[in-house]
Amino acid sequence: MKMSKMHLNTLREVPGEAEIPSHVLLLRGGMIRKLVSGVYGFMPLGLRSLRKIEEIVRQEMNAKGCQEIRMSAIQPAGLWMESGRWDAMGPEMWRLRDRHEREFCLGPTHEEIFTDIVRSEVSSYRQLPMNLYQIQTKYRDETRPRFGLMRSREFVMKDAYSFDRDIDGLDKSYGEMYDAYEKIFRRCGLVFRAVEADTGVMGGRDSHEFTALADVGESEIAWCPDCDMAATAERAEVNDAAPSSERELPLETVYTPGAKTIEEVSGYLDIPREKTIKALLFAVYEEKGRFREYVAAFIRGDRELNMTKLVNVLGVTEHMIVFADEEIMGAETGCVAGFTGPAGLRGCKIVVDSELTGQKNMCAGACKSDHHLLNVNYGRDYKADIEADLKRIREGDPCPLCGAPVRLARGVEVGQLFKLGTKYSESMGAYYKDENMKERLIVMGSYGIGVTRTLAAVVEQHHDEKGIVWPVSVAPYHAVIVVVKRDDKVQADLAEKLYRQLSARGVETLLDDREERAGVKFNDADLLGIPLRVTVGRSAVNGTVEYKLRRENENRELTADAAVEEAARLVREESHGAA
Ligand code: ATP
Ligand code: MG
């Protein structure tokens with residue numbers, strides 16, 4: 001492609017709303033274009049990179065025998081009612097009505113649609129196992145769309161669904177997808193970790209997330225340097241501190257004026273935070289928005305509550321639970337803002353972190369303004385309706401498997417695998433007949449990759465202060481030829497010749513023949529992150545050019561022929577990624 005003819009609109013300024021490098025650089029490089037919050041279009045260069053990622057995904061899926069199809073984004077509400085997710089999905093689901101007032105959604109995912117396909121088109125064990133996938137646009141009305149393609153409201157996902165005869169089959173299909181995901185993300189040039197994940201609203205048994213490591217990532221993962229433990233921070237188990245051997249002391253009420261937070265109380269009473277109990281108060285609503293109950297959750301004062309663990313033990317989804325208005329809740333339950341403790345509460349569900357049951361003589365709110373209780377003991381002074389691990393893991397906590405200090409890292413969730421089991425085949429009635437003509441439930445898995453998010457994650461991991469540094473495998477073009485003086489015939493002719501030769505050798509090449517100063521062209525080439533730059537300048541009279549890789553600082557003087565050979569080798573070795 002000749003850049004004088006290409007539609008390219010690079011920006012000098014950093015767009016105001018962009019906070020992270022990938023968002024800034026994709027916008028500045030004119031690769032994506034914002035329409036409204038969380039909705040982006042792809043411009044020529046951005047689209048080429050997106051296509052490359054899609055193609056890597058497609059090749060690795062096909063290599064596992066998966067079959068590509070494409071379903072529509074519009075989905076009838078009825079299927080979601082069958083699975084029970086029409087209400088469970090909450091406000092994130094983009095809902096619409098047709099002219100006959102029939103309800104639809106724009107698919108946030110496609111389990112229901114694919115289950116519908118197999119229940120009507122698969123009947124015999126002979127048709128299983130099977131894995132169908134698509135690379136398709138998804139819609140989620142996210143609470144906080146941000147970071148450009150990272151969390152958008154319209155995005156491209158690869159979603160695959162496996163259908164097996166039994167659990168063993170599912171385990172095998174899941175393993176194949178896990179393997180494919182490792183290949184895909186490696187080929188895209190990402191540094192990533194596969195971690196155990198929560199299954200959330202998907203239901204099912206096992207799940208893994210593939211997380212591209214990045215400081216700006218919204219996912220936190222916990223991993224053990226000494227063993228295999230790796231999990232999302234949401235999912236990671238936290239061991240309880242050893243139970244206390246203290247003797248139980250008599251309950252005592254103390255005056256703690258204005259000491260509402262754990263810091264204030266522990267400071268005022270001069271006791272460590274580990275000896276206090278933190279209260280978190282919630283209101284839970286039915287899926288249809290009707291009030292269900294109040295929940296008071298208690299953890300040790302130095303801990304953070306893990307919201308995912310709480311919603312899981314309550315059996316609700318995140319949009320069904322909100323922080324309670326303590327004034328209103330107080331009238332019914334006796335809680336007092338800043339002074340709530342587990343002893344003396346009524347009329348609400350009490351969820352207690354398992355660790356607290358072993359701790360003795362704790363300090364907790366007295367459910368009375370400006371007062372706390374000392375020597376609060378589980379069993380004697382309060383009881384739980386639910387006892388469970390509610391703790392959020394911290395750096396240095398002992399690994400739940402081996403005890404070594406756990407490490408935390410941040411990253412971007414680029415893909416997730418779920419063992420769905422029979423959740424959808426049961427609710428929607430997807431059966432097959434086995435060898436004995438007996439009806440059995442189809443066993444399912446579902447496997448997503450955020451294709452547009454992967455593109456952003458690649459940029460997040462591959463950039464410097466000048467711009468993007470694309471890995472060859474997903475670069476929009478492999479090489480750019482910069483002509484220093486385009487009205488110098490020798491330079492123009494050599495550039496043209498190189499352009500033809502490179503293209504003929506499979507090197508996807510841009511010819512920067514724009515009427516711009518060389519400096520502008522160099523800056524654009526750096527911003528756009530094209531892996532190889534060949535500069536045709538004054539030494540063209542000697543038949544030599546400057547050969548420079550974007551990821552390296554040095555450049556080399558090569559003959560035009562040698563440059564073509566080198567470029568062809570680069571593309572041959574790296575265009576399929578480092579698989
Ligand atoms: P998240 O926790 O980040 O909201 P999710 O767990 O809800 O994501 P899945 O349902 O597992 O997402 O979807 C499969 C993949 O789709 C994710 O691994 C992610 O890469 C991508 N994805 C999900 N939501 C978005 C979004 N709003 N924008 C871009 N990609 C997304
Ligand atoms: Mg996910």
Side-chain angles (χ1 to χ4, degrees), residues 20 22-23 26 32 34 36-40 42 50 53-54 57 61 73 85 88-94 105-114 133-161 177-178 180-181 184-185 188 190 192-204 206-214 216-221 231-235 307-308 311 317-319 410-420 424 445-460:
I20 63 168
S22 60
H23 192 191
L26 287 168
I32 61 171
K34 178 175 159 183
V36 290
S37 165
V39 181
Y40 291 85
F42 284 81
L50 181 64
I53 296 177
E54 288 180 0
V57 170
M61 295 302 290
R85 290 208 295 180
M89 292 300 286
E92 196 170 294
M93 186 138 90
W94 216 304
C105 69
L106 295 178
T109 174
H110 277 66
E111 279 75 14
E112 282 75 0
I113 303 297
F114 280 66
Y133 78 99
Q134 62 178 349
I135 297 175
Q136 189 260 2
T137 308
K138 299 280 186 272
Y139 296 86
R140 295 184 185 181
D141 194 1
E142 298 275 355
T143 334
R144 281 222 295 164
R146 59 184 196 146
F147 295 163
L149 302 180
M150 288 283 188
R151 184 168 298 284
S152 48
R153 300 198 290 170
E154 179 186 78
F155 58 97
V156 178
M157 196 201 285
K158 182 285 298 173
D159 45 328
Y161 304 86
M177 287 297 98
Y178 190 105
Y181 276 35
I184 288 167
F185 295 122
C188 290
L190 287 175
F192 61 90
R193 273 177 200 279
V195 299
E196 275 182 42
D198 188 62
T199 50
V201 89
M202 285 292 182
D206 268 337
S207 179
H208 283 86
E209 277 177 21
F210 278 73
T211 305
L213 300 182
V216 301
E218 294 184 284
S219 311
E220 197 169 20
I221 61 172
T232 61
E234 299 171 337
R235 162 71 182 242
M307 220 32 216
T308 305
V311 300
T317 55
E318 297 226 6
H319 72 270
R410 298 205 73 83
V412 175
E413 178 200 323
V414 284
Q416 185 161 13
L417 318 176
F418 293 95
K419 284 188 189 170
L420 298 173
Y424 293 87
S446 103
Y447 316 91
I449 287 181
V451 179
T452 41
R453 186 183 278 184
T454 298
L455 179 77
V458 170
V459 177
E460 210 51 58

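Positions are given from 1, in the same order as the sequence printed here. Every heavy atom of this structure was used, including side-chain atoms; hydrogens, water molecules and symmetry mates were not. As the structure lists them, so they are numbered: ligands from 1, and atoms in each ligand from 1.
- Atoms NE2 and OG, on His23 and Ser152 in that order, are 9.5 Å from each other to the nearest 0.5 Å.
- Separation of the Tyr40 and Phe155 ring centroids does not fall under the 6.0 Å cut-off.
- At a 4.0 Å heavy-atom cut-off, ligand 1 touches Glu413 through backbone and side chain alike.
- Counting heavy atoms only, Arg151 comes closest to atom 4 (O) of ligand 1 of the residues Glu154, Glu111, Arg151, Glu92.
- Of the listed residues (Phe147, Tyr139, Phe155), the one carrying the non-hydrogen atom nearest atom 24 (N) of ligand 1 is Phe155.
- A donor atom on one side chain and an acceptor atom on the other are not found under 3.5 Å apart for Asp141 and Tyr139.
- Contact annotation: for Met150 versus ligand 1, heavy atoms closer than 4.0 Å belong to the backbone alone.
- Near Gly415, meaning under 4.0 Å from any of its heavy atoms, are these atoms of ligand 1: 18 (O).
- Panel detail: the Mg ion (ligand 2) has protein N, O or S atoms under 2.8 Å away, 2 in number.
- Of the residues Thr109, Asp159, Thr452, the one that meets the side chain to side chain donor-acceptor pair (under 3.5 Å) test with Lys138 is Asp159.
- Residue-ligand proximity: Thr452 is placed with every non-hydrogen atom at 4.0 Å or more from ligand 1.
- The closest non-hydrogen atom to atom 11 (O) of ligand 1, taken over Gln416, Arg453, Lys158, comes from Gln416.
- Closest heavy-atom approach to atom 21 (C) of ligand 1 among the candidates Ala212, Pro145, Gly450: Gly450.
- Counting heavy atoms under 4.0 Å from ligand 1, residue Leu149 touches it through the backbone alone.
- For the residue pair Glu413 / Ser219, no side-chain donor-acceptor distance below 3.5 Å is found, with atom types taken as modelled.
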